[in-house]
There are 4 protein chains.
Amino acid sequence: MDCITRRDKMETKDKVLEAAVSLFNAKGYQGSSIREIAKQADVNPALISYYFGGKKGLLENLLLQFYEPYLALLNKIVEEQISVSPLYCLKQIGQHILNFQQQHIQLTSFVYREMTLDSMLVREMMSTYLKKETYYIQQVFTKGIELGECMNIPTEHAVIQFKGMLMMPFLYPRYLSEVLYLQPVEGYFVERYSRQIEQWIDSLQLLEPLQLQAK
Amino acid sequence: MDCITRRDKMETKDKVLEAAVSLFNAKGYQGSSIREIAKQADVNPALISYYFGGKKGLLENLLLQFYEPYLALLNKIVEEQISVSPLYCLKQIGQHILNFQQQHIQLTSFVYREMTLDSMLVREMMSTYLKKETYYIQQVFTKGIELGECMNIPTEHAVIQFKGMLMMPFLYPRYLSEVLYLQPVEGYFVERYSRQIEQWIDSLQLLEPLQLQAK
Amino acid sequence: MDCITRRDKMETKDKVLEAAVSLFNAKGYQGSSIREIAKQADVNPALISYYFGGKKGLLENLLLQFYEPYLALLNKIVEEQISVSPLYCLKQIGQHILNFQQQHIQLTSFVYREMTLDSMLVREMMSTYLKKETYYIQQVFTKGIELGECMNIPTEHAVIQFKGMLMMPFLYPRYLSEVLYLQPVEGYFVERYSRQIEQWIDSLQLLEPLQLQAK
Amino acid sequence: MDCITRRDKMETKDKVLEAAVSLFNAKGYQGSSIREIAKQADVNPALISYYFGGKKGLLENLLLQFYEPYLALLNKIVEEQISVSPLYCLKQIGQHILNFQQQHIQLTSFVYREMTLDSMLVREMMSTYLKKETYYIQQVFTKGIELGECMNIPTEHAVIQFKGMLMMPFLYPRYLSEVLYLQPVEGYFVERYSRQIEQWIDSLQLLEPLQLQAK
DNA sequence: AATGAATGAGCGTTCATTCAT
DNA sequence: CATGAATGAACGCTCATTCAT
């Protein structure tokens, strides 16, 4: 009985979250209305305020729902692999982050868009999560440079490039499908794309001497 | 007098566009209200509907204002340089696009965010502009592969990587400044970052044989 | 166990009533929400509907809780004292009503405010309680005039003045404390103020001949 | 043309104010909805926020609309008459305030009710207006006592009694009409009631020696 | 060209209440 | 008896837009 009750509760909250992710992804946070979400979730609009404390609470819930496991994943990979080989660690990050994003493709797309705004909430999320994320990745690059695995490039630029490559397909899934005819939703896209990322990582290792020659 | 009148008109329209770009950039299209824009532009709200045919018209105006010169620039570079050297052409594209984005940094940020939405308008812009843009870039990659300048990677993936690198700093200017302490607004950032992009382009040339060795 | 249960019930009802009086007094009936009351009473909101048959029932309960003992008190005083001396009876009324109001200061304040509204409920309360109250007081004045104790003024006006004096401090307790620096909550205020009322009552007796002289 | 425009504006604002006073008086501020007011004023609901900056602004507007002329009137009377004769000045106050209240009977009733609440706004109104009002009245009593015109009673109590008498009929107009069968709206009520107030004022003059005798 | 009143739809939210558990 | 999920109506308010001036 308790189980049923709990499951019912879960279902309502989850129905709302699912509908919210879908609508926020398609029309943006500001472009989606509580009523629309409730309708799509087949739920009373008042329940959204009841469960999440308002539309803003729903947004925060989703942001946490993304960044918490995201950072946990990142943390785990870095902790386990950085001492083995920084560049290999980078490859692992690339592959797992791509997988993670693909598994939460709508949430990812929406969160990445929302983080481009200039709001208190975004600033808070940046200082809470993106600072950590960036620290992890920079650490790996730095270690790679130290160990001579990686050419000596500014780690900030490397982070931008790396993140750009990883985020791009999930920020613009519709661009991929309608212009490039790629399906980021499908498994083999990530598989092939992550190999491409690995090539870029390899290039970090190899370019330096050549670069020096060029000079 | 007619001249003054016309100049006033221009100024009013421009004041609105300027205010709109600023607010759309900070709070998003849906998050900014006509009244707010009008207030910031010190203009009567009714004039926005009058001049631009409504809020949506203002949005379309800004999207064109971005993509028309953007594509003209891209078109010019490709036409002029592709026959010389595809990879050099790519570098030129990278450098000029970065400059272009930096010169319209708020507009760029806003347009790139808006294009992540799933709307009729976005689909239209994609089929009108992004298809062309992608065609140009893919053409360069293809030519590069044909001429043996560039390793044989899927051009779609290359486009994603290339665009990702170029767009990233201007999609997340606040991330750059607050987390990475980079100032995409300042000249030397683009200068240094474009050299980084060139390294990536160089890596396309060099990786292939090594990649083959790896196999 | 039954006893405990019943006591719990009593406590719950009383906790609600207490919280309701406090909130209704501060923010008005319409300005207070069931949830707020329930929260302050540390009780489930649904119980208010359950126990009192809704918010309106809670209001009626409180009105009765005020007017029933109020009228009983008035009735008792008039019955016992009117035959002795009408003016003395008036003084007794003044003193005891002041005391009664002070003992239920929040309830009094709230009820007196609520009775200024124009609603079915108020009309009902007026015809049920205020008619009786007024009848009692007018009777005393009439008797006083008959017996020559009191000057011949319109009893309606006398009632207004009398009630005005008695109600004023408890309708505006915050005015008294913040502007006049009087504390209607404290015992000696009523003590001193009731002597003031008695002076007014005395003046009823004395003024007439002098008034006539003045003319 | 300008005149017509201004008159139209005035009419809309005034229609809203009129409807608001009527509804606030009958059902209270919290009990009246913006839509209801707009409907009764035959006006678009959005215009209330447009003109008054929201429901609260409407309330503040009405409170000022009452207290500003009220205090101006009081100030004028006191300034002109206090030096002549404090007790005569009191009578003038009584008469003019009664007239003022009668001329704005609904507004008066509503304002007096609203001032019984415990809110920031009420506190502000008290410290802005009621402090002044009380200062004026107390000044008159004090002067009367100084000059020997008036018996030596605590001025705070005198203020309560005085205000109680003046406010009572307009706080409970429905009580007057339905229980006492008096019509505070009609001219002769004020006329007769103000004579009653004058009697009370006279009693202040005369009671003291008798009071002493009683002791 | 420019204004500001006016409109009607929709916003997020809160409300008192009901009901299954 | 007590709970908390759920409901539908209404809340105050803001929205983009229109229109007479």
Side-chain angles (χ1 to χ4, degrees), chain A residues 1-2 4-6 8-13 30-38 42-58, chain B residues 2 4-6 8-9 11-13 30-38 43-58, chain C residues 4-6 8-9 12-13 30-38 43-58, chain D residues 1-2 4-6 8-13 30-38 42-58:
Chain A
M1 201 177 91
D2 180 56
I4 289 169
T5 306
R6 188 172 302 170
D8 281 344
K9 256 193 276 182
M10 292 288 286
E11 275 171 13
T12 292
K13 272 188 116 172
Q30 294 267 20
S32 314
S33 81
I34 285 279
R35 279 175 173 82
E36 214 176 350
I37 296 166
D42 197 28
V43 143
N44 188 296
L47 286 179
I48 294 182
S49 286
Y50 180 73
Y51 277 119
F52 301 97
K55 195 186 179 188
K56 200 190 163 189
L58 185 51
Chain B
D2 179 56
I4 290 169
T5 307
R6 188 173 302 170
D8 282 344
K9 252 193 284 183
E11 276 172 10
T12 293
K13 276 187 107 169
Q30 293 269 18
S32 314
S33 78
I34 285 280
R35 273 182 171 75
E36 214 176 350
I37 296 166
V43 144
N44 188 293
L47 285 181
I48 294 183
S49 288
Y50 179 76
Y51 277 126
F52 300 96
K55 197 184 178 188
K56 201 189 163 190
L58 185 52
Chain C
I4 289 169
T5 307
R6 189 173 301 169
D8 281 344
K9 253 194 283 182
T12 293
K13 275 187 107 170
Q30 293 269 18
S32 314
S33 78
I34 285 279
R35 273 181 171 75
E36 216 176 348
I37 297 166
V43 145
N44 188 293
L47 284 182
I48 294 183
S49 288
Y50 180 75
Y51 276 126
F52 301 96
K55 196 184 177 187
K56 201 189 163 189
L58 185 52
Chain D
M1 200 176 89
D2 180 56
I4 290 169
T5 306
R6 189 173 301 169
D8 281 344
K9 259 194 275 183
M10 294 288 286
E11 275 171 13
T12 292
K13 272 189 115 171
Q30 293 269 19
S32 314
S33 80
I34 285 280
R35 280 175 174 82
E36 214 176 350
I37 296 166
D42 197 27
V43 143
N44 188 295
L47 285 180
I48 294 182
S49 286
Y50 180 73
Y51 277 119
F52 301 97
K55 197 187 178 187
K56 201 190 164 190
L58 185 51

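Scope of the values below: all heavy atoms of this structure, side chains included, with no hydrogens, waters or symmetry mates. Naming: A, B, ... by sequence-line order, numbering from 1 per chain. On a predicted model such as this, the values are computed, not experimentally measured, just so you know.
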Item to check | Phosphate contact (F/dA5 OP1 or OP2) by A/T12 side-chain N/O below 4.0 Å | outcome: no

Checklist entry - Taking CG from D/D42 and C1' from E/dT7, how many angstroms apart are they, rounded to a whole number? => result 13 Å

Checklist entry - Over how many whole Å does the gap from B/F52 atom CZ to F/dT18 atom C1' extend? => result 18 Å

Checklist entry - With a distance cut-off below 6.0 Å to the six-membered ring centre and an angular limit of 45° from the axis, does A/K13 pair with A/Y50 as a cation-pi contact? => result no

Checklist outcome for this item: Under a 4.0 Å heavy-atom criterion, the protein footprint on nucleotides 11-16 of chain E, written with B, S and -, is BBBBSB

Next on the checklist: side chain to side chain contact (heavy atoms under 4.5 Å, CB included), that's the test. Do D/L58 and D/I37 meet it? Break it down for me.
Outcome noted: CA-CA 11 Å; D/L58 185 51; D/I37 296 166; 4.1 Å; yes

Checklist entry - Quick one: CG on B/L47 to CG on B/N44, what's the gap to the nearest 0.5 Å? => result 5.0 Å

Item to check | Distance in angstrom units between B/Y51 OH and E/dT3 C1', rounded | outcome: 12 Å

Item to check | Pairing residues for C/I34 by the side-chain contact (heavy atoms from CB on, under 4.5 Å) criterion, not counting sequence neighbours | outcome: C/P45, C/I48, C/K55

Item to check | Watson-Crick or G-U pairs under 3.5 Å in DNA chain E, rendered as dot-bracket with [ ] for crossing pairs and | for another strand | outcome: .||||||||||||||||||||

Item to check | Residues forming a side-chain contact (heavy atoms from CB on, under 4.5 Å) with D/S33, sequence neighbours excluded | outcome: D/R35, D/E36

